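What's counted below: heavy atoms across the whole structure, side chains too, no hydrogens, waters or symmetry copies. When a residue number appears, it is its place in the shown sequence, counting from 1. Just so it is clear, the model here is predicted, and its values are computed rather than measured.
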Amino acid sequence: MGGIPVVTALGRHTGLPCAFVRKQAKAYGTCRLAEGADVVGRRVLVVEDVVTSGGQIVLSTAELRSLGARVSEALCVIDREQGGAAALAAEGIRLSSLLTATDLRMTD
């Protein structure tokens, strides 16, 4: 849920359409896995607040790809540097982070 305000701010700033991926499609309402912009045939950037193992991005990317999205990159606010980047690379996803755990531990 922490990625939602980040995506919203990025969408407003860039004017690019946004979609929000559920862990599982609901059986009511729109019944869609990705709510918002259509992802079929589009290049999609996955945005997360914090990445640890990268597991949720791997799962979300697999779902997005099954819907026809092209996903090769992910962006996070904080990379905890606990294997997430390597797990994503194994799935063909490059992780970019605004900050890392190392950045946050630095002292002057």
For residues L95 and D79, determine if any side-chain heavy atom of one lies less than 4.5 Å from a side-chain heavy atom of the other. yes
Taking V71's backbone N and O only, do any of them form a donor-acceptor pair with R65's side chain (distance below 3.5 Å, no angle check)? yes
Could you check if a side-chain atom of L75 sits within less than 4.5 angstrom of a side-chain atom of V46, using non-hydrogen atoms only? no
I need the minimum non-hydrogen distance between L88 and G54, along with the two atoms involved. CD2-O, 3.7 Å
Does any non-hydrogen side-chain atom of E48 lie less than 4.5 Å from one of S60? no
Does the side chain of V50 come within less than 4.5 Å of R80's, by heavy atoms? yes
Flag the pair F20 / T8 as yes when at least one side-chain heavy-atom distance between them is below 4.5 Å, and no otherwise. yes
Applying side chain to side chain donor-acceptor pair (under 3.5 Å), run through S72 and R70 and close with a yes or a no. CA-CA 7 Å; S72 60; R70 298 185 324 267; over 6 Å; no
What's the shortest heavy-atom distance between L64 and V21, and which atoms? CD2-CG2, 3.7 Å
Shared ILVMFWY cluster between V40 and V44, side chains joined below 4.5 angstrom? no
Check for me, please, whether I4 and L45 land in the same ILVMFWY cluster - side-chain distances under 4.5 Å, paths through other members count. yes
L67 with L59, same ILVMFWY side-chain cluster at under 4.5 Å: no
Here the pair of heavy atoms bringing V39 nearest to A34 is CG1-CB, 4.5 Å
What is the distance from atom CD1 of I93 to atom CD1 of I57, rounded to the nearest 0.5 Å? 7.0 Å
Any side-chain heavy-atom pair from V47 and L10 closer than 4.5 angstrom? yes
Taking all non-hydrogen atoms of both residues, which atom of P17 and which atom of A37 are closest, and how far apart? CB-CB, 3.5 Å
For T102 and E81: C-alpha separation, side-chain torsions, deciding distance, then whether side chain to side chain donor-acceptor pair (under 3.5 Å) applies. CA-CA 8 Å; T102 301; E81 300 176 303; 2.6 Å; yes
Side chain to side chain, S97 and V51, heavy atoms closer than 4.5 Å: no
